[in-house]
> 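First, the structure itself, so that you have it in front of you.
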Amino acid sequence: MSYIELNLTGSKLGCGEGGCGACTVLVSQCVDQHSGSLDHRTVNACLAPLCSIDGCQIITVEGLGSVAKSNLHPTQSRLAEMYGSQCGFCTPGIIMSLYGTVAASNQSHSSMTMLDIEEAFDGNLCRCTGYRPILDAAKSFAKDFNELPDKDPSSSKCSITTTTLDKCRSFVKDLDNESNKIEFPNELREHVAQSIHIKGSTIEWFRPVSLNELLSLRSTYPGAASKLVFGNSEVQIETKFKRLKYPRLISVTHIQELQQLKRTPTSLILGAGVTLTRLQAKLSEWNDQQLDGGICESIIQQLKFFASTQIRNVASLGGNIVNASPISDLNPVLQAAGAILELHRTETNSTRLVPMQEFFLAYRRVAMTDDEVLVCIHIPLPPPPSTTTTRTFLRSYKQARRRDDDIGIVSAGLKVQLEPAQENDKQQWRIISASFSFGGMGPTTILTKNTQQELIGKLWTKTTINEACQLALKEMPLTDLTPGGQPEYRRTLVQSFLFKFYLYVCTQLQESSVDSKELSATQPYHRSVSHGQQIIPERPASQKVVGASLPHRSAYLQTTGEAKYVDDMPSLPNTLYGGLVLATQPNALIKSIGKII
């Protein structure tokens with residue numbers, strides 16, 4: 001971001017931690033020279049190291065078009081003409097998120113739905129315009145835009161105006177004639193990644209291109225002597241806000257072994273360097289409850305509300321695991337699923353398999369030696385349904401203060417394996433094994449081992465699950481002094497997740513004992529595509545302008561990044577700066593002013 005700001009002012013520095021999306025840019029890269037396949041992803045420029053974009057095409061809002069050149073891109077003109085900006089500070093980031101969605105579409109605009117476009121904005125905040133005109137303008141690129149309602153039948157005496165809907169329809173008619181994508185440079189299609197070593201005054205950057213090279217570097221600079229980095233979404237926060245110092249950063253983005261995604265008859269093999277976006281797409285292909293017992297669906301549900309699109313585009317699965325956050329969304333699911341971590345080190349090229357249930361030792365401490373590298377994650381699959389009468393169920397849960405782009409208060413991965421049991425001439429199910437893992441209930445991701453052991457052999461009933469709730473709470477004691485607070489609420493969430501899981505399993509088993517009033521708890525949350533309308537009473541022709549929406553004069557400059565803000569203005573020599581400070585004495589009189597340093 002600092003490099004961009006040297007010459008371009010379109011991308012804005014907002015929060016500086018990847019939360020607001022004002023600095024969004026598009027990074028494009030050729031991922032297969034033989035097929036020419038390209039990878040387009042929106043990223044937060046405030047988190048992306050300059051060294052990490054070797055071999056990539058970077059498109060900022062200025063690269064799409066400008067007022068000065070009279071060559072506005074459709075995404076820019078449409079947002080301006082449909083009232084999608086006010087102060088305009090966040091607008092360049094919104095433009096790039098929209099363009100990134102268009103560019104990343106595998107086909108033409110006809111493959112994109114309104115839901116796809118709306119979800120692409122989960123990492124962009126707007127604090128003044130209001131999202132209705134922004135989303136209406138963006139959805140005009142979708143194939144199903146005409147499915148939006150345009151009249152409220154209950155309102156016969158009022159004219160209904162969405163302020164943008166009619167204009168959107170006029171754009172849709174001409175959409176197929178518009179060119180929406182910027183060409184990828186041929187020079188970059190032929191780019192071959194090579195090892196990189198950049199030495200600065202206070203830090204060194206390494207980018208190995210083979211696993212052996214990575215293991216050698218980690219052996220040479222073990223422990224705190226180096227830091228492995230992939231998307232930099234966590235390391236940047238640590239260095240910028242926590243003032244942590246890392247003398248060497250080792251980028252692991254180009255290690256082939258860390259990019260594998262394979263499914264075997266007995267397990268899923270997920271590379272530690274797979275981005276969360278790519279992981280989500282592949283799991284959606286594999287998703288089959290009958291074959292995986294809910295593993296894919298559980299991870300997908302957590303990824304759906306994991307951070308933002310910009311973060312998921314760069315963050316890796318392995319980084320999330322090794323980071324060992326006690327409030328991780330994914331770690332409880334992987335732990336409950338019985339995931340096994342494959343660790344490599346250069347010494348005799350040794351490989352070690354560590355069950356994830358034994359991986360988290362204490363707060364931010366894991367069972368890895370200083371020179372080990374996490375290469376991949378193995379998740380065992382349940383036996384095929386045709387070979388056994390047992391049933392396996394896995395489900396994930398998360399409660400946060402808001403649904404999108406927020407850390408969880410409590411998250412959970414809950415798994416149970418059942419076998420048929422005949423009790424009192426009634427078909428029931430007996431617990432063979434259980435695995436309950438929780439985040440946000442302690443300094444690490446916690447596995448309730450005692451509870452799981454107590455449940456083995458018991459029938460799957462409401463009485464059993466109530467007992468499990470009490471046992472689990474005893475294993476995760478919270479007090480009013482516990483970091484994060486809200487002990488009672490967090491305990492309640494644990495019980496709520498367990499009861500929802502019980503209801504879900506019962507519905508899958510077609511148990512008749514479930515109260516119909518409780519069935520809603522078994523359904524995952526689904527939000528339909530948003531839509532707003534403005535109802536305005538009929539007015540005489542002389543008053544048609546009153547209440548009408550009009551584009552403001554700065555809109556085009558804001559959507560192209562040409563609007564200048566205070567931060568965009570260069571500092572002049574001998575500029576005097578002022579700042580607010582706290583007085584050491586209240587209600588005091590200033591008798592004199594000391595020398596200005």
Side-chain angles (χ1 to χ4, degrees), residues 10 21 24-28 38-43 59-66 71-85 88 90-124 126 129-150 162-184 277 281 308-310 313 404 527-533 549 551 555-556 558-561:
T24 301
V25 298
L26 184 70
V27 176
S28 302
L38 302 177
D39 177 41
H40 303 282
R41 49 201 171 99
T42 51
V43 306
I59 300 178
T60 68
V61 69
E62 292 93 342
L64 299 184
S66 72
N71 64 341
L72 269 66
H73 189 273
T75 55
Q76 297 170 315
S77 60
R78 202 164 304 183
L79 199 73
E81 294 170 14
M82 298 185 197
Y83 331 110
S85 72
C90 68
T91 303
I94 289 173
I95 290 291
M96 293 313 301
S97 287
L98 176 56
Y99 175 76
T101 307
V102 174
S105 177
N106 292 329
Q107 303 173 18
S108 64
H109 96 283
S110 62
S111 67
M112 296 182 297
T113 65
M114 290 186 292
L115 183 60
D116 295 332
I117 291 177
E118 190 164 283
E119 289 184 343
F121 288 109
D122 61 357
N124 293 87
C126 175
T129 303
Y131 292 99
R132 186 188 66 183
I134 295 173
L135 293 176
D136 278 353
K139 290 171 189 172
S140 67
F141 288 89
K143 67 174 183 180
D144 56 348
F145 176 76
N146 283 317
E147 296 177 11
L148 282 177
D150 62 350
T162 65
T163 72
T164 57
L165 193 58
D166 293 336
K167 214 165 193 177
C168 284
R169 287 209 169 99
S170 68
F171 276 105
V172 170
K173 294 177 182 177
D174 301 326
L175 187 59
D176 292 332
N177 297 325
E178 297 176 337
S179 176
N180 291 327
K181 296 182 181 179
I182 295 175
E183 289 298 320
F184 187 79
T277 296
S308 65
T309 298
Q310 291 93 323
N313 283 342
D404 287 296
R527 177 181 61 80
S528 58
V529 175
S530 65
H531 175 58
Q533 288 183 324
S549 296
Y556 291 110
Q558 292 169 353
T559 60
T560 59

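What you are looking at is a predicted structure, and each value in this text was computed from that prediction instead of being measured.
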> About how many Å separate CD1 of Ile59 and OG1 of Thr24, when rounded to the nearest 0.5 Å?
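Between atom OG1 of Thr24 and atom CD1 of Ile59 there are 13.5 Å.
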> What distance separates Leu79 CG from Ile134 CD1, expressed to the nearest 0.5 Å?
6.0 Å
> What pair of heavy atoms forms the shortest contact from Tyr556 to Thr559, and how long is it?
O-OG1, 3.1 Å
> Would a distance-only check, ignoring hydrogens and angles, find a side-chain to backbone donor-acceptor pair under 3.5 Å from Asn71 to Ser66?
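Present.
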> Work out which heavy atom in Pro92 is nearest to a heavy atom in Gly561; give both atom names and the distance.
CG-CA, 4.4 Å
> Supply the atom-to-atom distance Leu135 CG to Ser530 OG, rounded to the nearest 0.5 angstrom.
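Between Leu135 CG and Ser530 OG, I get 5.0 Å after rounding to 0.5 Å.
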> To the nearest 0.5 angstrom, please state how far the CD1 atom of Ile95 sits from the OG atom of Ser77.
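Ile95 CD1 to Ser77 OG: 8.5 Å, rounded to 0.5 Å.
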> What I'd like to find out is whether the side chain of Thr101 reaches to under 4.5 Å of the side chain of Met112, using heavy atoms alone.
yes
> Checking Ser140 side chain against Ala137 main chain: does a donor-acceptor pair fall under 3.5 Å?
yes
> Minimum heavy-atom separation for Ala120 and Ser97, please, with both atom names.
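Smallest heavy-atom distance, with atoms named: O-CB, 4.0 Å.
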> Met96 vs Thr60, test: side chain to side chain contact (heavy atoms under 4.5 Å, CB included). Steps then yes/no.
CA-CA 7 Å; Met96 293 313 301; Thr60 68; 5.7 Å; no
> Flag the pair Thr309 / Glu119 as yes when at least one side-chain heavy-atom distance between them is below 4.5 Å, and no otherwise.
no
> With sequence neighbours left out, what residues match Asp39 under salt bridge (Lys or Arg N to Asp or Glu O under 4.0 Å)?
Arg41
> Tell me, please, which residues at least two apart from Tyr131 pass side-chain hydrogen bond (donor to acceptor under 3.5 Å, both in side chains).
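Once residues adjacent in sequence are excluded, Tyr131 has no partner under the side-chain hydrogen bond (donor to acceptor under 3.5 Å, both in side chains) criterion.
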> Determine whether Leu38 and Ser28 satisfy the following criterion, side chain to side chain contact (heavy atoms under 4.5 Å, CB included), listing intermediate values before the conclusion.
CA-CA 7 Å; Leu38 302 177; Ser28 302; 5.8 Å; no
> Who are the side-chain hydrogen bond (donor to acceptor under 3.5 Å, both in side chains) partners of Thr277, not counting sequence neighbours?
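Residues passing side-chain hydrogen bond (donor to acceptor under 3.5 Å, both in side chains) with Thr277: Asn313.
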> Please round to the nearest 0.5 Å and tell me the distance separating atom CD1 of Ile182 and atom NE2 of His40.
10.5 Å
> Who passes side chain to side chain contact (heavy atoms under 4.5 Å, CB included) against Ala555, sequence neighbours left out?
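Residues passing side chain to side chain contact (heavy atoms under 4.5 Å, CB included) with Ala555: Ala80, Ser85, His552.
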> Would you say the side-chain atoms of Gln76 pair up with the backbone N or O of Val61, donor to acceptor, closer than 3.5 Å?
yes
> Suppose we screen for salt bridge (Lys or Arg N to Asp or Glu O under 4.0 Å). Which residues come up paired with Asp122, at least two apart in sequence or across chains?
Arg312
> Only counting residues at least two apart or in another chain, list the ones meeting salt bridge (Lys or Arg N to Asp or Glu O under 4.0 Å) with Glu118.
Lys139, Arg527
> Locate the shortest heavy-atom distance separating Leu98 from Ala138; write the atom from each residue and the value.
CD1-CB, 3.8 Å
> Please assess Phe141 against Thr75 for the test side chain to side chain contact (heavy atoms under 4.5 Å, CB included), listing each intermediate value before the final yes or no.
CA-CA 9 Å; Phe141 288 89; Thr75 55; 3.7 Å; yes
> Please lay out, stage by stage, how Thr560 and Leu64 fare under the test side chain to side chain contact (heavy atoms under 4.5 Å, CB included).
CA-CA 8 Å; Thr560 59; Leu64 299 184; over 6 Å; no
> For Gly93, does its backbone N or O pair with a side-chain atom of Asn124 as donor and acceptor, under 3.5 Å?
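Indeed, once roles are kept as given, a pair shorter than 3.5 Å links the two residues.
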